[in-house]
Q: 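Submitted below is the structure of interest, expressed as structure tokens.
Keep in mind the model is a prediction, meaning the values are calculated, not measured. Atoms within a ligand are numbered from 1 in the order they appear, just like the ligands themselves.
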Amino acid sequence: MLKLSEFLNNKPSQWSNRSRDVARLYKQRAAPAKPRGVILKTPEQIAGIRKSCRLTHDILDMLETRIAPGITTEQINTWVHEMTLAHGATPAPLNYRGFPKSVCTSINEVICHGIPSETRVLAEGDILNVDVTSIRDGYYGDASRMFLIGEVSPEARKLVEVTRECLERAIAQVKPGSTLGDIGHAIQSHAEGHGYSVVRAFVGHGTGVHFHEPPDVLHYGEPGTGMALVPHMTFTIEPMINVGSYEMQMLDDGWTAITVDGKLSAQWEHTLLVTKDGVEVLTG
Ligand code: MF3
Ligand code: CO
Ligand code: CO
């Protein structure tokens, strides 16, 4: 028995009429093929992505009112999952390449992709990143914020603030004619200027029609280099900034990425649209 994937990869000339019909049906139901190039979005796609990004923004706002010391990351997962479904949307992380939960929760030395857990209780002094991605009417909206749990150390607060400034400075570069290198440089120069390092192992990405589309958006680089930005690109910028080394180590769960030296890491993320003369922060 041919696996469906092999079946679809066969040449149409080898198919019977009936097989062709079946293949067409499967293709209509399957997710759109993974793109090889940047997808410039149509006005209709932009409207859909904007709505999805709005939901992601609203979910993060909801969390701002609830996250506190004593809450478990599992509780955050439940809140995100339920609010997403209540809006007729789907949480993109759930079952994405086997990810087991509906949101990523990354605490202190965790760089990204932390897995919510019933046993992880938020404690005074923790810094937490919550990364929400919604799929609404088939369109993706991806954003993350940092949460300070109670009183945190001045060192932790500073890292979170500077990382946020890195994202803001990067967004300020976004307009037609700027390059991806301009974005990376804005982040790297600000972070390293404060003695921090920029994580290399994870990057921003095109998004909107798929979770992760071209191009890769590096958070370091040289001005004037790399792909030029054009109107109707939609992509994330999501710098991960470390107090110590930028090197990462993956835990045995295959997802949780931590700093090798155990020092703090912070991240902020927005999904952006390049407009004809600048940028729209879709998750803003
Ligand atoms: N939201 C993450 C990003 O910014 C991706 C998470 S993948 C998951 O690209 F599987 F961990 F959810
Ligand atoms: Co992202
Ligand atoms: Co994200």
Q: Do side-chain atoms of Thr234 reach the backbone of Thr207 as a donor and acceptor pair under 3.5 angstrom?
A: yes
Q: Starting from atom 3 (C) of ligand 1, what is the nearest protein heavy atom, named by residue and atom, and what distance separates them?
A: Asp142 OD2, 3.4 Å
Q: Would you say the side chains of Ser144 and Asn129 form a donor-acceptor pair under 3.5 Å?
A: yes
Q: Side chains of Ser265 and Thr259: donor-acceptor distance under 3.5 Å anywhere?
A: no
Q: Any N or O of Tyr96 that comes nearer than 3.5 Å to an N or O of ligand 1?
A: no
Q: Does His113 have a heavy atom less than 4.0 Å from any atom of ligand 1?
A: yes
Q: Checking side-chain polar atoms at under 3.5 Å, does Thr283 have a donor or acceptor matched by the opposite partner on His57?
A: no
Q: Please tell me if the side chains of Cys112 and Trp255 come closer than 4.5 Å, counting only heavy atoms from C-beta onward.
A: no
Q: Provide the atom name of the closest N, O or S atom of Asp142 relative to the Co ion (ligand 3).
A: OD1
Q: Find all atoms of ligand 1 within a distance of less than 4.0 Å from any non-hydrogen atom belonging to His212, and give their numbers and elements.
A: 3 (C), 5 (C), 9 (O)
Q: Between the Co ion (ligand 3) and Glu238, is there an N, O or S atom separated by less than 2.8 Å?
A: no
Q: Mind telling me whether Tyr196 and His194 have parallel, tilted or perpendicular rings, with 30° and 60° as the class edges?
A: parallel
Q: With a cut-off of 2.8 Å, does His205 place any N/O/S atom under that distance from the Co ion (ligand 2)?
A: yes
Q: Would one find an N or O of Trp255, backbone or side chain, under 3.5 Å from an N or O of ligand 1?
A: no
Q: Do Arg164 and Arg145 have side chains that approach each other closer than 4.5 Å (heavy atoms only, starting at C-beta)?
A: no
Q: Short list, please: which atoms of ligand 1 are under 4.0 Å from a heavy atom of His205?
A: 3 (C), 4 (O), 9 (O)
Q: Atoms of ligand 1 less than 4.0 Å from Thr133 heavy atoms?
A: 1 (N)
Q: Could you find the nearest protein heavy atom to atom 5 (C) of ligand 1 and give me its residue, atom name and distance?
A: Phe211 CZ, 3.7 Å
Q: Is it the side chain (CB and beyond), the backbone, both or neither of Thr236 that lies under 4.0 Å from ligand 1, heavy atoms counted?
A: neither
Q: Checking one value in my table: which N/O/S atom of Glu269 lies closest to the Co ion (ligand 3)?
A: OE1
Q: If you draw a 6.0 Å radius around CD in Glu64, do more than 12 non-hydrogen atoms from other residues or ligands fall strictly inside?
A: yes
Q: So if I count the atoms of ligand 1 from 1 in the order they appear, which ones are less than 4.0 Å from some heavy atom of Glu238?
A: 3 (C), 4 (O), 9 (O)
Q: With a 6.0 Å cut-off on the ring centroids, do Tyr140 and His212 count as close?
A: no
Q: Which option out of Ala257, Cys104, Pro93, Ser106 puts a heavy atom nearest to atom 11 (F) of ligand 1?
A: Cys104
Q: Tell me, do Glu247 and Ser197 make a side-chain contact under 4.5 Å, heavy atoms counted?
A: no
